[in-house]
Asks: 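Pasting in a structure now, in C-alpha cells, and then I'll have a few things to ask.
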Amino acid sequence: MKLMTVMRESLKLYRKNWTDLLLALLLELVLRAMCLTPVVFLASPSLAALAWLCVPMYIFIALPARQNYALALQDMMDGGRVFSLRLVSTKDYGRKLLRGLIGTGKMLLWSALSIAGVSAMLAIYNGVVDGFSALRLFSQLGGGSTTDGVMMAVGAIAATCILPVIGCAVHSGVRHAEALGNRKLVKSRHGALAALWVLGLALLIPFAAVLLITMGNWALAFIAQIKTSLLTGLVIEPLGARAYVLAAAVLVLLLPVLPLKNMLPAVYLRGVKENKSNDAA
C-alpha cells in the first residue's frame with residue numbers, strides 16, 4: 001500500500017470517527033495522568049521517594065493500554081467503535097504487559113546513550129562528580145573554554161536523542177501488527193513504517209511552529225544562562241502569557257491530529273495483511 005493511499009484511508013476513517021477518536025485519546029491521556037499521580041509526594045521531603053511509584057504504575061497501566069488502543073483501532077476499521085471498553089480491557093493482560101515490557105526494553109537500548117549523557121550532567125549538577133574534575137573536562141572539550149565545553153557536551157547529548165527517535169520510527173508498527181494477529185507483518189517493512197512515522201510528524205508542524213515562536217527566545221535565554229552560570233544557580237523564568245498560548249496550541253493544533261498520526265501504521269499494516277490474504281486466495 002502506497003503512503004499517500006494510507007494517508008487518504010486514514011483521513012477517511014478520521015472524518016468518520018473523529019468524535020470517538022478524540023474521546024479515546026482523552027481516555028488514553030487520563031490513564032497516563034493516573035500514572036503520574038505519585039508525583040504529588042514530591043511536595044513532602046519525607047515522602048518524596050514514593051514518587052517512584054510512577055514507574056510501576058506506568059508499566060502496569062500505560063503499557064497494556066497502548067496494546068488495547070491498537071486493538072481498538074482495528075475494531076474501528078472493522079466497523080466497530082474505537083471508544084469502547086476495549087480500551088480498558090484486561091483480557092490477555094499478561095501477554096499485553098509482556099509485549100509492552102519488551103517494547104520498552106528495546107526503547108531503553110535505543111536511548112542508552114542519551115540516558116547516560118543526561119545522568120552524567122545531573123551528577124555534575126548535583127555535585128556527585130568532583131567540581132574541579134568536571135571543570136577540567138569541560139575546559140578540555142572546549143579547547144580551553146569551560147563554557148564552550150559545557151555547550152559542546154549539551155549539544156552532543158542532544159545529538160544522541162536522534163537514536164530513540166529512530167527507534168520509535170522503526171518499532172512504531174509492532175503493536176499494530178500484534179493487534180492484527182501477525183507479528184511478521186512488520187518484517188522487511190521497517191522502512192515504510194519509519195516513513196509513515198515521519199509523515200505523522202509532519203502533521204505536528206503547525207504546533208511545532210507555534211512552539212518555536214512562543215518558546216524560542218525563552219529557550220535561548222535559558223541556554224545563555226547555562227553558559228554564564230556553568231550549571232549552578234539556574235533560575236527558570238516563568239512562562240507567563242506563553243503558557244496560555246501553549247495551552248491553546250495543544251488544544252487546537254496538537255490533540256486533534258494525534259489520533260490521525262497514530263492511525264497511519266495501523267491502516268498501513270491492515271492493508272498489508274489484506275493484500276497478503278488476496279494474494280493467497
Side-chain angles (χ1 to χ4, degrees), residues 1-33 36 62 65-66 69-70 72-73 76-77 82-83 87 107 110-111 114 154-155 158-173 175-176 190-223 236-271:
M1 182 181 285
K2 295 181 179 180
L3 299 189
M4 287 302 103
T5 302
V6 173
M7 178 58 81
R8 284 196 298 271
E9 290 298 319
S10 298
L11 281 170
K12 187 187 300 183
L13 286 166
Y14 179 80
R15 287 194 293 265
K16 182 180 178 181
N17 301 277
W18 71 274
T19 302
D20 271 9
L21 284 166
L22 290 178
L23 288 172
L25 175 64
L26 179 60
L27 178 57
E28 292 293 302
L29 293 175
V30 169
L31 291 174
R32 282 156 179 74
L36 295 176
R66 284 174 54 82
Y69 185 71
L73 285 177
M76 180 188 73
M77 285 183 266
V82 64
F83 184 62
L87 294 171
M107 288 309 304
W110 281 96
S111 307
S114 301
V154 172
T160 65
C161 292
I162 191 64
L163 293 175
V165 170
I166 294 173
C168 285
V170 169
H171 299 295
S172 61
R175 60 186 172 127
H176 300 290
H190 293 297
L193 288 166
L196 281 172
W197 196 83
V198 173
L199 182 61
L201 287 184
L203 298 172
L204 306 181
I205 289 177
F207 173 75
V210 173
L211 185 66
L212 179 62
I213 294 170
T214 305
M215 300 296 295
N217 291 335
W218 183 89
L220 290 174
F222 184 70
I223 292 172
I236 300 177
E237 177 189 349
L239 293 179
R242 296 187 187 92
Y244 298 104
V245 176
L246 285 175
V250 168
L251 291 174
V252 177
L253 299 176
L254 179 61
L255 294 183
V257 301
L258 286 179
L260 179 58
K261 178 181 180 296
N262 293 334
M263 283 170 57
L264 296 177
V267 172
Y268 170 71
L269 290 174
R270 186 180 183 86

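These numbers were taken from a predicted model, which means no experiment stands behind them.
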Asks: What distance separates Leu193 CG from Cys168 SG, expressed to the nearest 0.5 Å?
Replies: 13.0 Å
Asks: Taking Pro164's backbone N and O only, do any of them form a donor-acceptor pair with Ser111's side chain (distance below 3.5 Å, no angle check)?
Replies: no
Asks: Shortest non-hydrogen contact from Leu3 to Ala192?
Replies: CD2-O, 4.2 Å
Asks: Of all heavy-atom pairs between Met263 and Ser10, which one has the smallest distance, and what is that distance?
Replies: CE-O, 3.3 Å
Asks: Kindly indicate, with the supporting measurements, whether the criterion side-chain contact (heavy atoms from CB on, under 4.5 Å) is fulfilled by Leu196 and Met7.
Replies: CA-CA 9 Å; Leu196 281 172; Met7 178 58 81; over 6 Å; no
Asks: Rounded to the nearest 0.5 Å, what's the gap from CG on Leu87 to CG on Leu31? Could you check?
Replies: 8.0 Å
Asks: Is there a side-chain contact between Trp18 and Pro259 in this structure, where contact means two heavy atoms from C-beta onward sitting under 4.5 Å apart?
Replies: no
Asks: Has Ser172 got a side-chain atom pairing as donor or acceptor with Ala169's backbone, closer than 3.5 angstrom?
Replies: yes
Asks: How long is the straight-line distance from CG of Leu260 back to OH of Tyr14, given to the nearest 0.5 Å?
Replies: 7.0 Å
Asks: Hey, what do you get for CG (Leu23) to CZ (Phe83), rounding to the nearest 0.5 Å?
Replies: 5.0 Å
Asks: Are Val6 and Glu9 packed together at the side-chain level, in the sense that at least one heavy-atom pair is separated by less than 4.5 angstrom?
Replies: no
Asks: Got Met76 and Asp20 here, is their nearest side-chain heavy-atom distance under 4.5 Å?
Replies: no
Asks: Are any of the side-chain heavy atoms of Tyr268 and His176 separated by less than 4.5 Å?
Replies: no
Asks: Measure across Pro256 and Leu22 and return the closest heavy-atom pair with its distance rounded to 0.1 Å.
Replies: CA-CD2, 3.9 Å
Asks: Please round to the nearest 0.5 Å and tell me the distance separating atom CG of Leu269 and atom CG of Leu264.
Replies: 11.0 Å
Asks: Measure the spacing between CE of Met215 and CG of Leu246 and express it to the nearest 0.5 Å.
Replies: 5.5 Å
Asks: Please say whether more than 12 non-hydrogen atoms of neighbouring residues, nucleotides or ligands are located less than 6.0 Å from CZ in Arg66.
Replies: no
Asks: Quickly, which of Leu21, Val267, Asn17, Leu13 forms a side-chain contact (heavy atoms from CB on, under 4.5 Å) with Leu73? Name it, please.
Replies: Leu21
Asks: Are side-chain heavy atoms of Leu258 and Leu254 found at a separation under 4.5 Å?
Replies: yes
Asks: Decide yes or no for Leu255 and Leu26: does some side-chain heavy atom of the first lie under 4.5 Å from some side-chain heavy atom of the second?
Replies: no
Asks: Identify the two heavy atoms, one from Met107 and one from Gly167, that lie closest to each other, and give their separation to 0.1 Å.
Replies: SD-C, 3.7 Å
Asks: Quick check: closest heavy atoms across Pro265 and Gly173, and the distance to 0.1 Å?
Replies: CB-CA, 4.3 Å
